[in-house]
Amino acid sequence: MSPFHPGVAREYQLNPFRPPADLRIDYAQELNTQQYEAVTAPPGPCLVLAGAGAGKTRTLTYRVAWLIEHGIPADRILLLTFTNKSAREMMERVGDLLGGSMADLWGGTFHSIGVRILRLHADRLGYRRDFTIADREDAKDLLNACITDAGIDVKAVRFPKAEALSDLFSMQVNTGQTLEEVTGGEEGPFAGVMDSIRLVQRQYAERKRKAGLMDFDDLLVLWLRLLQDFPDIAETYQRRFQFVLVDEYQDTNILQATLLDCLTLRNRNLMAVGDDAQSIYSWRGANFANILKFPERHAGAKVFKIETNYRSTPEILALANAAIASNLRQFPKALQAHRPPGQKPALIVSTDAREQAAFIAQRALELRDEGVSLSEVCVLYRSHFHALELQMELTRRNIPFVITSGIRFFEQAHIKDVAAYLKLIANPSDELAFKRLARMLPGVGGKSADTLWAAFSARFLPSSDSTPEFEVSDNDGALPAVRPIAPELSAISRSVPKKAAVAWAQFTATIAQCESPERRSQPGRLIRWVLEADYEDYVRKTYENARNRLEDLAQLAAYADSFEDTSLFLSELALQSNIEAEQNKPRDGDDEDRLKLSTVHQAKGLEFRAVFIIMLCDGLFPSGRSAETADGEEEERRLFYVALTRAKDELYLCRPLLRFMAGAGEAFQPASRFLGEFPETLVEEWKIHAPVLPVSPRSPRSSPGRSPDPDPFRDPDPDPDPIDDGDVPF
């Protein structure tokens with residue numbers, strides 16, 4: 001018989017006892033007042049609002065050191081970040097401060113900590129502890145198998161491809177939404193197949209469990225399930241982690257915030273560090289309400305503001321403070337400069353995007369001559385296609401540049417897909433274009449594409465030496481007339497795999513419509529027709545970030561409208577693609593000294609001596625679609641704030657007056673609403689003057705006895721190849 005009487009357990013509180021700390025670090029000396037208050041905060045929930053350039057990483061690092069020096073064992077501290085690199089760097093800094101290894105400190109991303117815990121307890125969820133983590137390709141293969149097992153005829157219905165399904169399921173998990181909310185419900189593109197999507201989702205979950213697989217999202221979902229469904233496991237980690245610190249809290253989603261709530265339920269020692277003014281990732285699931293409502297979510301939370309900025313000049317910070325002030329949903333704060341005064345930010349109003357590009361190219365070279373390397377200069381934009389003209393201008397002037405967000409505009413898969421349609425129409429003997437288009441069809445792989453090409457070329461190109469028979473054309477340089485290829489595509493339909501029969505018929509019809517005389521010589525019109533006919537559906541079913549890709553293609557069509565015919569457009573496309581491929585190769589000595597081009601989203605966390613923000617037109621920045629709601633407009637303003645605060649010394653705000661618009665030619669572009677939200681006195685306007693050709697007192701090719709050329713702007717011996725001297729025909 002137990003000697004203990006049943007009943008409610010009596011609570012007994014142990015008071016902390018430790019000898020006085022022998023501190024190695026003089027925290028008051030090494031931190032500013034605001035940082036010191038946050039670092040030395042007493043136990044309990046804390047929200048640290050660390051403004052841009054205010055030393056957020058330093059604050060977190062010293063907080064960990066403070067806890068350890070005051071007797072908290074390193075293995076009782078959990079440090080969560082959004083990259084493993086950040087976690088390693090902070091742990092190394094703590095080790096350097098304290099003169100020892102931080103191997104016992106639990107530090108890493110949410111996902112890496114999830115793996116660590118699931119390796120110990122996965123059996124409680126029906127998994128083996130040595131489960132396999134499925135990468136994106138594994139997940140795609142498994143989803144394809146589920147689609148097949150579900151008996152879904154993907155060629156008969158508009159069903160999303162595996163990659164698109166993976167994105168849908170991930171967004172649902174990370175935002176706490178239903179599938180209907182994620183896909184747009186009755187108004188969305190998959191309204192008619194939602195039952196089939198749910199069936200595939202159930203089969204996918206079951207097959208993962210049976211195969212001992214966890215995908216990236218499972219690492220958080222199943223970790224949370226351990227904490228919510230198994231009280232003993234929850235208590236273990238609530239007791240273990242006496243202090244939990246999280247970096248970039250404004251970027252957490254609902255799932256991550258709930259995990260933090262569960263882990264800190266017992267001790268309540270959660271320190272969330274972030275900046276609500278830099279919450280810009282709602283499109284990938286981040287929930288702005290997490291940081292905004294932290295004091296409500298964690299009763300008694302203390303809020304610390306760190307507002308001393310060590311990065312930018314006072315003039316840049318004054319503009320940033322004024323720019324973000326229009327947001328209603330925020331924690332009010334004002335960045336204070338530690339640096340001495342500099343020059344005012346410049347406002348540059350150019351005639352059009354090409355003049356804007358010319359200004360940036362010229363000014364970047366001037367900065368280099370003034371001692372600012374190209375790698376310390378960055379051009380920021382809202383969307384990739386905003387930098388299209390700039391890429392052209394930099395290439396024309398042979399100014400080295402790198403796009404920090406990855407693949408360059410013309411090398412993206414969706415751009416090359418659409419270009420393949422135009423290439424095949426312009427040149428039916430283009431084997432690569434034909435096979436690329438064929439492989440886009442369901443059930444057509446490499447071998448099937450080879451077979452189809454052989455059948456097509458046998459009919460259209462009777463021998464290996466022959467080329468399509470072009471007819472004489474009198475259409476002023478437009479594409480020469482060529483024997484239509486759509487009938488030949490239709491004729492080889494028997495060689496098409498059964499799965500692709502319906503898609504092949506649609507493809508043939510699209511080519512037939514594109515071959516019409518009124519379309520085939522107008523590249524912009526061709527691109528829009530390809531999109532309308534079937535490629536827009538293909539993008540939505542195939543690619544992640546479908547909306548952004550379709551915006552790219554709309555801009556490509558508008559750009560193509562400025563070309564007189566399709567051949568010129570394809571020539572320019574090929575030129576740019578080849579230069580991009582060449583510039584992506586490492587170079588000896590100068591691979592680091594390149595002008596940086598980046599979306600604002602990709603540049604968050606970076607800093608540069610000089611920053612150009614381009615395309616500050618309403619509808620471009622802010623994005624027209626994103627600014628349709630109050631919340632969307634506020635996030636766009638936060639994105640503008642992030643762009644402003646990347647600059648250390650010089651900041652240039654660039655706005656073109658005109659932009660080439662589909663069907664309208666050069667159209668006026670209203671200024672970004674953000675440019676009207678701060679006092680004019682905070683910027684200095686630079687007036688751009690068109691280039692004036694130098695006038696020599698006499699023709700450079702005239703003899704001393706001849707009079708000056710009556711027309712000094714006429715080249716007496718025009719260069720037969722204008723591309724050679726840099727005048728790329730647009």
Side-chain angles (χ1 to χ4, degrees), residues 51-53 278 309-323 335 337-350 353-382 386-387 389-391 393-405 583 590-616 621 639-656 672 674-675 678 682-688:
Q278 297 187 70
N309 176 286
Y310 294 88
R311 175 187 300 156
S312 307
T313 61
E315 291 79 5
I316 292 173
L317 295 183
L319 181 60
N321 288 332
L335 295 176
H338 181 74
R339 296 182 55 195
Q343 68 182 50
K344 278 187 178 182
L347 175 64
I348 292 85
V349 181
S350 56
R354 289 171 185 158
E355 188 173 270
Q356 174 184 256
F359 164 75
I360 293 169
Q362 180 173 312
R363 184 63 189 139
L365 293 179
E366 291 171 351
L367 287 168
R368 186 181 64 179
D369 292 341
E370 294 168 10
V372 181
S373 67
L374 290 177
S375 62
E376 295 178 295
V377 180
C378 185
V379 181
L380 297 176
Y381 38 83
R382 175 63 179 82
H386 295 176
E389 291 88 353
L390 178 60
Q391 291 187 48
E393 184 69 17
L394 295 174
T395 299
R396 195 164 72 92
R397 298 192 186 211
N398 198 30
I399 298 175
F401 66 95
V402 61
I403 298 181
T404 59
S405 47
Q583 288 192 344
D590 71 343
D591 57 312
E592 289 301 320
D593 191 23
R594 300 189 192 186
L595 183 68
K596 301 292 192 300
L597 275 61
S598 176
T599 62
V600 184
H601 285 105
Q602 291 286 340
K604 183 175 175 292
L606 304 179
E607 58 183 40
F608 303 90
R609 288 184 63 182
V611 168
F612 297 82
I613 307 174
I614 67 173
M615 289 300 173
L616 286 170
F621 198 167
L639 190 64
F640 182 52
Y641 174 83
V642 168
L644 297 173
T645 53
R646 299 311 94 198
K648 297 166 66 176
D649 302 328
E650 299 187 30
L651 176 63
Y652 300 89
L653 309 178
C654 303
R655 173 213 165 191
S672 168
F674 300 152
L675 293 178
F678 51 76
L682 296 182
V683 296
E684 177 184 47
E685 184 173 355
W686 288 22
K687 292 186 177 180
I688 304 300

Value rounded to 0.5 Å, distance of CG in Leu335 from OG1 in Thr645: 7.5 Å

Minimum heavy-atom distance Ser350-Gln356, with the two atoms named: OG-CB, 3.3 Å

Value rounded to 0.5 Å, distance of OG in Ser373 from CG in Asp593: 5.0 Å

From NE2 (His338) to CG (Asn309), nearest 0.5 Å: 10.5 Å

Glu315 (side chain) donor-acceptor with Gly342 (main chain) under 3.5 angstrom: yes

Plane angle bin for Trp686 and Tyr652 - parallel if under 30°, tilted between 30 and 60°, otherwise perpendicular: perpendicular

Nearest heavy-atom neighbours spanning Glu393 and Arg397: OE2-NE, 2.6 Å

Non-hydrogen side-chain atoms of Arg646 and Arg311 separated by less than 4.5 Å: yes

By salt bridge (Lys or Arg N to Asp or Glu O under 4.0 Å) - contacts of Glu684 (at least two apart): none

Note, Leu374 side chain near Pro400 side chain (heavy atom, < 4.5 Å): yes

Exercise: identify the closest heavy-atom pair between Leu380 and Ala603: CD2-CB, 3.5 Å

Thr599 and Gln602: side chain donor to acceptor below 3.5 Å: no

Sub-4.5 Å side-chain heavy-atom contact between Phe612 and Val377: yes

His601 NE2: over 12 foreign heavy atoms closer than 6.0 Å: yes

Those residues that, when tested against Lys604, pass salt bridge (Lys or Arg N to Asp or Glu O under 4.0 Å) (two or more places apart): Glu248, Asp251

Student check: side-chain heavy atoms of Val402 and Lys596 closer than 4.5 Å: yes

Check ion pair Glu370-Arg363 (N to O, under 4.0 angstrom): yes

Results of salt bridge (Lys or Arg N to Asp or Glu O under 4.0 Å) for Arg339 - residues two or more places apart only: Asp649

Leu644 side chain near Leu653 side chain, heavy-atom distance below 4.5 Å: yes

From Ser375 atom OG to Leu595 atom CG, the distance as rounded to the nearest 0.5 Å: 9.5 Å

Approximate separation, where rounding is to 0.5 Å, of Ile348 CD1 and Glu685 CD: 9.0 Å

Heavy-atom pair with the smallest gap, counting every atom of Pro314 and Pro340: CD-O, 3.2 Å

Whether Glu607 side chain and Lys648 backbone form a donor-acceptor pair below 3.5 Å: no

Nearest atoms (heavy-atom pairs only) where Gly51 meets Gln278: C-NE2, 4.3 Å

Closest contact, heavy atoms only, Leu597 versus Ala387: CD2-CB, 4.4 Å

Minimum side-chain heavy-atom gap Phe621-Met615 below 4.5 Å: no

pair Ile613-Leu651: side-chain heavy atoms closer than 4.5 Å: yes

Value rounded to 0.5 Å, distance of CD1 in Ile316 from CG in Asn321: 12.0 Å

Parallel, tilted or perpendicular: ring planes of Phe640 versus Phe678, cut at 30 and 60 degrees: parallel

Leu367 and Arg609: CA distance, side-chain angles, deciding distance, side-chain contact (heavy atoms from CB on, under 4.5 Å) verdict: CA-CA 10 Å; Leu367 287 168; Arg609 288 184 63 182; over 6 Å; no

Side-chain touch Val379/Phe401, heavy atoms, less than 4.5 angstrom: no

